[in-house]
Colleague: 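Quick one: the structure is below, and I'll ask about it shortly.
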Amino acid sequence: MNTAEIQAFAEGFVTDPGGGFLRAEAATLPELAGLRFFDPPLTGYAAADNRYYLSLVDNEAANIDLAPPAFWLREARTVISFFFPFSERVRRSNRKGGAPSLEWLHARVQGQQLLQTFAESLRDRLRAEGYQTLVPQLDERFWQNVQPRYTDAEGRTRRQFSTNWSERHVAFGAGLGTFGLHGNLITEKGTAGRLVSLVTEAEIAGARPIGRDEVLPPLFANCTMCRVCVKRCPNRAISEPGKKSIPLCFQFMGTVSREHKALGRTLHGCGICQAALPCEAKNPARPGIRADKEA
Ligand code: SF4
Ligand code: SF4
């Protein structure tokens with residue numbers, strides 16, 4: 001597949017009337033049936049030997065223990081990273097604040113299932129062309145640790161809230177955007193959306209992967225530090241760059257999950273700090289965009 005084919009495949013997947021929408025049987029309210037989760041994605045490519053990824057192996061400061069592409073696939077050549085922006089309806093629904101909207105939570109839960117199905121389908125297409133390919137977040141070796149720090153059976157430290165494949169960091173390394181004060185990625189289509197990535201042996205025709213020694217932008221280049229996200233967070237989890245309190249964020253999201261569970265709904269998420277922001281659906285640091293006029 002080349003870049004145009006991958007882009008068309010991804011766009012078709014999330015706008016397909018047969019599959020890209022919330023099904024009636026999964027909707028918590030009848031009027032939510034047919035909710036479209038995503039807009040067409042941005043796609044970034046990185047070389048498997050991208051030096052940034054290697055810098056994240058057992059990185060205490062970033063609280064990441066990234067397993068580099070060659071860990072997932074010995075002959076890995078390319079990382080493909082997608083940012084799928086949430087649809088306007090999903091974003092608009094979460095602008096009120098206080099509690100996350102049902103639309104947002106459905107996009108977080110059923111939308112995420114859609115993206116995983118998409119990633120598996122793209123994986124299978126690339127495999128059919130003869131290239132080993134996998135989706136790290138669906139691989140049996142993938143881990144995210146929310147428990148207190150411990151040492152695993154192989155003697156490796158597993159820090160709390162760490163992981164061996166961070167979609168945000170993978171996307172940064174693939175040139176899709178930079179980080180914001182809220183800890184999410186800010187792309188040219190903003191921050192409200194979801195990320196997914198694949199590792200493949202294929203070299204994708206037409207792609208300009210971020211190479212081994214390419215200089216990436218400053219970590220917070222797209223964030224104007226306007227602090228709107230700080231005021232939006234209902235649990236005061238956001239403060240300084242790189243210092244978002246994951247425990248406070250988890251605490252609030254746990255409350256959200258429990259409240260919905262009590263109503264018989266299996267939903268989780270929050271995203272209040274991704275809506276009603278200058279960076280919600282665009283890069284506010286781009287010249288010519290008045291960030292203070294965009295919220
Ligand atoms: S709302 Fe402002 S401070 Fe927060 S991430 Fe977006 S641009 Fe940065
Ligand atoms: S997702 Fe976390 S950081 Fe963002 S508003 Fe909700 S609780 Fe705050």
Side-chain angles (χ1 to χ4, degrees), residues 37 42 62-63 83-86 88 90-109 111-112 144-146 160-163 166-169 171-172 176-195 216-261 265 267-295:
F37 301 123
L42 295 172
N63 196 28
F83 172 73
F84 286 87
F86 284 135
E88 210 272 340
V90 170
R91 289 186 283 108
R92 184 165 21 96
S93 72
N94 220 28
R95 288 179 190 153
K96 186 159 171 261
S101 69
L102 284 172
E103 288 90 336
W104 187 280
L105 298 180
H106 275 303
R108 177 68 184 77
V109 175
Q112 182 68 19
Q144 281 177 305
N145 180 41
V146 297
Q160 190 173 30
F161 303 122
S162 186
T163 180
S166 162
E167 296 292 352
R168 295 175 305 131
H169 291 79
F172 176 78
L176 274 180
T178 78
F179 296 94
L181 193 55
H182 46 33
N184 303 305
L185 206 73
I186 303 177
T187 73
E188 293 304 308
K189 291 191 176 184
T191 197
R194 299 292 301 164
L195 295 158
L216 291 163
L219 282 179
F220 294 94
N222 293 349
C223 177
T224 61
M225 299 293 160
C226 68
R227 302 184 74 81
V228 175
C229 56
V230 176
K231 296 181 197 117
R232 292 272 300 160
C233 177
N235 215 26
R236 299 171 183 263
I238 307 169
S239 55
E240 301 306 318
K243 301 282 185 206
K244 176 170 147 181
S245 168
I246 306 298
L248 287 176
C249 182
F250 263 53
Q251 181 188 54
F252 183 77
M253 289 201 280
T255 304
V256 169
S257 298
R258 283 191 294 278
E259 286 175 357
H260 284 283
K261 194 171 179 191
R265 302 167 176 162
L267 292 173
H268 61 264
C270 170
I272 294 169
C273 65
Q274 292 182 52
L277 313 173
C279 59
E280 177 192 293
K282 64 179 67 162
N283 175 0
R286 293 274 286 177
I289 294 177
R290 284 283 305 278
D292 57 344
K293 298 288 185 197
E294 298 296 329

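Treat the numbers as computed from the prediction; the structure is a model and nothing was measured. Counting convention: from 1, in listed order, for ligands and their atoms alike.
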Colleague: Look at atom 2 (Fe) of ligand 1 and say which protein heavy atom is nearest, naming residue and atom and giving the distance to 0.1 Å.
Modeller: C226 SG, 2.3 Å
Colleague: Could you list the atoms of ligand 2 found under 4.0 angstrom from a heavy atom of P234?
Modeller: 5 (S)
Colleague: Is the side chain of S101 donor-acceptor paired with the backbone N or O of W104 at a distance under 3.5 Å, no angle test?
Modeller: yes
Colleague: Salt bridge between R92 and E103, side-chain N to carboxylate O under 4.0 Å?
Modeller: no
Colleague: Decide yes or no on ring-ring contact (aromatic ring centres under 6.0 Å, His included) for F37 and H106, but give the supporting numbers first.
Modeller: CA-CA 8 Å; F37 301 123; H106 275 303; 7.7 Å; no
Colleague: Suppose I only count heavy atoms of R227 and a 4.0 Å limit; which atoms of ligand 1 are within that range?
Modeller: 2 (Fe), 3 (S)
Colleague: Checking the side chain of T178 only, and the main-chain atoms of N222 only, is there a donor and an acceptor separated by less than 3.5 Å?
Modeller: yes
Colleague: Name the closest protein heavy atom to atom 6 (Fe) of ligand 1, giving the residue it belongs to and the distance to 0.1 Å.
Modeller: C279 SG, 2.4 Å
Colleague: Can you name the nearest heavy-atom pair linking N184 to T191, along with the distance?
Modeller: CB-OG1, 3.4 Å
Colleague: Just which atoms of ligand 1 are under 4.0 Å from any heavy atom in C223?
Modeller: 3 (S), 5 (S), 7 (S), 8 (Fe)
Colleague: Would you say the side chain of V256 lies within less than 4.5 Å of the side chain of L105, judging by non-hydrogen atoms?
Modeller: yes
Colleague: Note the single closest protein heavy atom to atom 4 (Fe) of ligand 1, along with its residue, its atom name and the distance in Å.
Modeller: C229 SG, 2.4 Å
Colleague: Could you list the donor-acceptor pairs under 3.5 angstrom formed by side chains in residues 270-280, with sequence neighbours left out?
Modeller:
{"unit_1": "E280", "atom_1": "OE1", "unit_2": "R95", "atom_2": "NE", "d": "3.0"}
{"unit_1": "E280", "atom_1": "OE1", "unit_2": "A276", "atom_2": "N", "d": "2.7"}
{"unit_1": "E280", "atom_1": "OE2", "unit_2": "R91", "atom_2": "NH1", "d": "2.6"}
{"unit_1": "E280", "atom_1": "OE2", "unit_2": "R95", "atom_2": "NE", "d": "3.4"}
{"unit_1": "E280", "atom_1": "OE2", "unit_2": "R95", "atom_2": "NH2", "d": "2.7"}

Colleague: For G183, is there any backbone N or O sitting under 3.5 Å from a side-chain donor or acceptor partner on R168?
Modeller: yes
Colleague: Taking only protein atoms, how many N, O or S atoms are found under 2.8 Å from atom 2 (Fe) of ligand 2?
Modeller: 1
Colleague: Report yes or no: does S162 contribute a side-chain atom to a donor-acceptor pair with the main-chain N or O of N63 at less than 3.5 Å?
Modeller: yes
